[in-house]
Amino acid sequence: MPAPRTLLDKIWDDHLVCSPDGEQPLIYIDRHLVHEVTSAQAFEGLRVAGRRVRRPEATFATPDHNIPTTDRSLPIADPISKQQIDTLRANCREFGIRLFDLGDADQGIVHVIGPELGITQPGMTIVCGDSHTATHGALGALAFGIGTSEVEHVLAAQTLRQSKPKSFEVRVEGELYPGVTAKDLVLYIIGRLTTEGGAGYVIEYTGPCIRRLGMEERMTVCNMSIEAGARAGMIAPDRITFDYLRGRDLVPKDFDRAVARWETLPSDAGARYDRSETFSGGDVVPQVTWGTNPAQVVGVDATVPDPASMTDPSDRSSAARALEYMGLQAGTPIAAIPIDRVFIGSCTNSRIEDLRAAAGVVRGHQVASRVRAMVVPGSGRVKRQAEAEGLDRVFTAAGFEWREAGCSMCLGMNPDTLAPGERCASTSNRNFEGRQGKGGRTHLVSPAMAAAAAVTGHFTDIRQWRYH
Amino acid sequence: MQPFTTLTGNVAPLDRANVDTDQIIPKQFLKRIERTGFGQFLFFDWRFLPDGSPDPAFELNQPIRQGASILLARRNFGCGSSREHAPWALADYGFRSVIAPTFADIFFNNCFQNGMVPVKLDESDVEELFRRAAAAEAAGQAYRLTVDLQTCLVHDDGGFSRSFTVDPFRRHCLLEGLDNIGLSLKHVDQITAWENAHDLAPLQGGAT
């Protein structure tokens, strides 16, 4: 009888092209996603070497990182940004790659449109020149971020050099309390694993709490695997996955046959992981980061920690530096921290369920006078769906700005940035120094928590929210 | 790719953990479509004051650390974004090797694509290197190290010598300066065989 295998083992075995003596193995890549910021140099490399794209139909492109989220009928004001978008267009044309361009109804953040269009499917290997490619693992794929040289490699050879990563089971028992979301769960996990706890591993999230999560919630969890150092996070496909995919644009014609194949993917009983950790969903409260990496996080009912209480000297110096950058005092209640800006968006939290959750909090309230708040849907489809449901009017009536799809203030490459010293409640994934603008102070939270903070002007425990 | 065999150079200590790629090369410099010219933007937000002048307090701005080719840092170096602009910026600034206890996976991979050697040493050895660098600098001299990829040794002239491990294939590619894509394309028959053995059904929805 063959040894029991994990989901990772099965996908790895199926995609191993060859493992020549003295070389790293070559694995086949099923889907390659491309955006404007990390691809230009790769296409240029192909041109210089006189190489072609091996399977143009397996690569999909969209501009997302560096585009304005304001009126799309206007030209891009920044000439360097415009050149980068124009370069992506020219490269897609030259090499025959399908582009969801600005103005295309299906344009959006690359990690939002992949699942949405059915490009992402269980059992696939998926790469993109972006560290949040882990998102696609939520559908039972092996998906991870790569550098630009590897983008060029995938374009030319439809494969990657990879040594097999180790497997890490993160099991979550129980269930989440009302008001506690997938974002809170993953921030809680990162806080315990630390920013490098997952390095060298692919995380598979298992257990009843994970099984109860909807498809978009699973994407939020897998998305942030990289913030714990893991290149990929994955969740075995199940009925929720198949129901999500059925009817999407690019899924297999014979869908039932595909489902029969996908049903063989989940890890076998008794499969061995290189490492395992177990958490309890019931232990998680709404989370707020206080520092400058996503593992510097506490519950909304806690206080800003005191670096002096930390035993590890490296943690202590990082925390002291973070508090200085963040302009925070140890011991301050999280709920007493006032905010200036709110950003609801990013590949972590810009899908329709995120917007529904935020709109539910905002409905019947007004954004605090001191706060500037914006909602940036993850894709054109999410935006249209939200507008069909009237969510845009809930947001704008409350004083939020309602924008076009893109990465926006998650990384602030476009004009959407924080001013020095501004403090932001953000549904994005990184609170690094300067991430949202030089000197900007980012606190990572769930969409509902961001919406509540927009209304009250400070962090507020969503579990006590009075919904209208 | 530029081969890497052995490097002897000055060390720039950067006593920080979790140095992320957003710090190594901030996003406002990712709009360029070339691989070159990023060194001027390396650690931009730490390196320069708001008026554009170098911040004298920043580690790499110390006069004694100018011209360093080996960066010494704490754990989880290169975490965060996958941007290969990070090793491009480090290499363009003049670094050919980074020594740290641990590295983030994507950054670690990206180094090998750019003729740079990321060296993992035990935390206690890294601590010792920081101590030796501080002692040398206190005596008015830059601390010098040799990173030898042929013998997989890091050593100085004062008795420090440690071996490090590198994947043998990556080491071979770096020593020879090989074109990774060209090497992979030698296996094109196996790639084609894999494709033929799998059901690569045309995508639905009018994909080209």
Side-chain angles (χ1 to χ4, degrees), chain A residues 17-18 20 22-24 26 28 37-38 40-41 44 49 51 56-57 65-66 78 80-81 83-84 87 96 98 117-118 129-131 145-150 152-153 156-159 161 163 195-196 199-200 229 231 249-253 293 314 317-318 411-413 430 432-435 438, chain B residues 15-18 20 22-23 26-28 30-35 45-46 50 74-76 79-85 87-88 102-107 109-110 113-114 167-170 172 179-185 187-188 190-191 193-195 198 200-208:
Chain A
V17 170
C18 57
E23 296 184 24
Q24 270 186 305
L26 268 184
Y28 199 81
V37 174
T38 58
Q41 295 88 346
E44 182 61 19
R51 290 177 176 136
E57 73 276 16
H65 280 60
N66 189 13
D78 176 357
I80 308 174
S81 296
Q83 186 194 23
Q84 201 169 48
T87 302
R98 185 166 179 189
L117 295 170
D130 187 280
S131 61
I146 57 177
T148 297
S149 295
E150 292 176 313
E152 185 180 337
H153 190 291
Q158 205 56 49
T159 52
R161 293 276 182 188
S163 301
T195 53
E196 60 172 340
R231 275 183 95 174
D249 301 55
L250 296 170
V251 298
K253 272 200 174 62
N293 73 54
S314 177
S317 65
S318 289
L411 83 165
M413 266 193 84
R430 289 193 174 129
F432 296 156
E433 285 183 34
R435 171 82 177 179
K438 186 171 180 176
Chain B
D15 194 355
R16 305 183 193 214
N18 297 311
D20 60 75
D22 273 86
Q23 305 315 318
K27 74 291 192 120
Q28 63 267 36
L30 306 186
K31 299 180 182 183
R32 299 159 62 96
I33 56 173
E34 303 86 19
R35 281 176 194 257
D45 289 351
W46 285 347
R74 299 290 183 179
R75 67 188 192 217
N76 201 28
C79 60
S81 157
S82 64
R83 58 189 70 167
E84 197 164 320
H85 310 66
W88 293 340
T102 55
F103 292 87
D105 289 343
I106 303 177
F107 175 84
N109 277 335
N110 285 340
Q113 312 282 350
N114 293 282
D167 175 86
F169 175 63
R170 285 172 156 169
H172 171 70
D179 165 19
N180 289 307
I181 296 175
L183 272 181
S184 295
L185 288 175
H187 304 298
V188 69
Q190 278 145 303
I191 298 171
W194 190 97
E195 287 171 337
H198 286 74
L200 303 180
L203 297 163
Q204 251 188 289
T208 50

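All values below come from the heavy atoms of this structure, side chains included, with hydrogens, waters and symmetry mates left out. Source: prediction; values computed, not measured.
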**Q.** Between A/Thr195 and B/Asn76, a side-chain donor and acceptor under 3.5 Å
**A.** yes
Q) At what distance, to the nearest 0.5 angstrom, does CG of B/Asp167 lie from CD of A/Glu23? A) 10.5 Å
Q) Heavy-atom distance under 4.5 Å to chain A: side chain of B/Asp15, backbone, both or neither? A) neither
Q.
List the residues meeting side-chain contact (heavy atoms from CB on, under 4.5 Å) with A/Glu433, not counting sequence neighbours, and say none if there are none.
A. A/Thr292, A/Arg321, A/Tyr325, B/Gln23, B/Trp46
Q: For the residue pair B/Leu30 and A/Met413, establish whether any side-chain heavy-atom pair is separated by less than 4.5 Å.
A: yes
(Q) Out of A/Leu117, A/Ile146, A/Thr38, A/Asn293, return the one with the most heavy atom pairs under 4.5 angstrom to chain B. (A) A/Ile146
Q. Does a side chain donor of either A/Gln41 or A/Thr148 reach within less than 3.5 Å of an acceptor in the other side chain?
A. no
Q) Measuring from B/Asp45:CG to A/Lys438:NZ, what's the distance to the nearest 0.5 Å? A) 4.5 Å
(Q) Taking every non-hydrogen pair under 4.5 Å, which of A/Gly129, A/Pro20, A/Gly147 racks up the most with chain B? (A) A/Gly147
Q. So which part of B/Asn110 gets closer than 4.5 Å to some heavy atom of chain A, the side chain, the backbone, both or neither?
A. side chain
Q. Between B/Arg35, B/Gln113, B/Arg83, which has the largest tally of heavy atom pairs under 4.5 Å with chain A?
A. B/Arg35
Q. For B/His172, is it the side chain, the backbone, both or neither that has a heavy atom under 4.5 Å from a heavy atom of chain A?
A. neither
Q | Leading residue by heavy atom contact count with chain B [cutoff under 4.5 Å; candidates A/Gly118, A/Ser318, A/Gly200, A/Ser163] | A | A/Gly200
Q. Does the distance from a Lys or Arg side-chain N to an Asp or Glu carboxylate O, for A/Arg98 and A/Asp249, drop under 4.0 Å?
A. no
Q: Using non-hydrogen atoms and a 4.5 Å limit, figure out which bit of A/Glu44 sits close to chain B: side chain, backbone, both or neither.
A: neither
Q: Can you sort out the partners of B/Phe169 under ring pair (Phe, Tyr, Trp, His ring centres under 6.0 Å), two or more places apart, ordered by chain and number?
A: none
Q.
Can you tell me which portion of A/Ile80 sits under 4.5 Å from chain B's heavy atoms? Options are side chain, backbone, both or neither.
A. both
Q: Against chain A, label B/Arg74 side chain, backbone, both or neither, depending on which of its atoms sit under 4.5 Å from a heavy atom there.
A: neither
**Q.** Which atoms of B/Ile33 approach chain A - backbone, side chain, both or neither, heavy atom under 4.5 Å
**A.** both
Q) Contact part of A/Phe432 toward chain B, heavy-atom cut-off under 4.5 Å: side chain, backbone, both or neither? A) both
Q) Can you say whether A/Arg435 sits under 4.5 Å from chain B via the side chain, the backbone, both, or neither, judging by heavy atoms? A) both
Q: Go through the side-chain N and O atoms of A/His65 and A/Gln84 and say whether any donor and acceptor fall under 3.5 Å apart.
A: no
Q. B/Arg16, B/Lys31, B/His85, B/Glu84: which one forms the most heavy-atom pairs within less than 4.5 Å of chain A?
A. B/Lys31
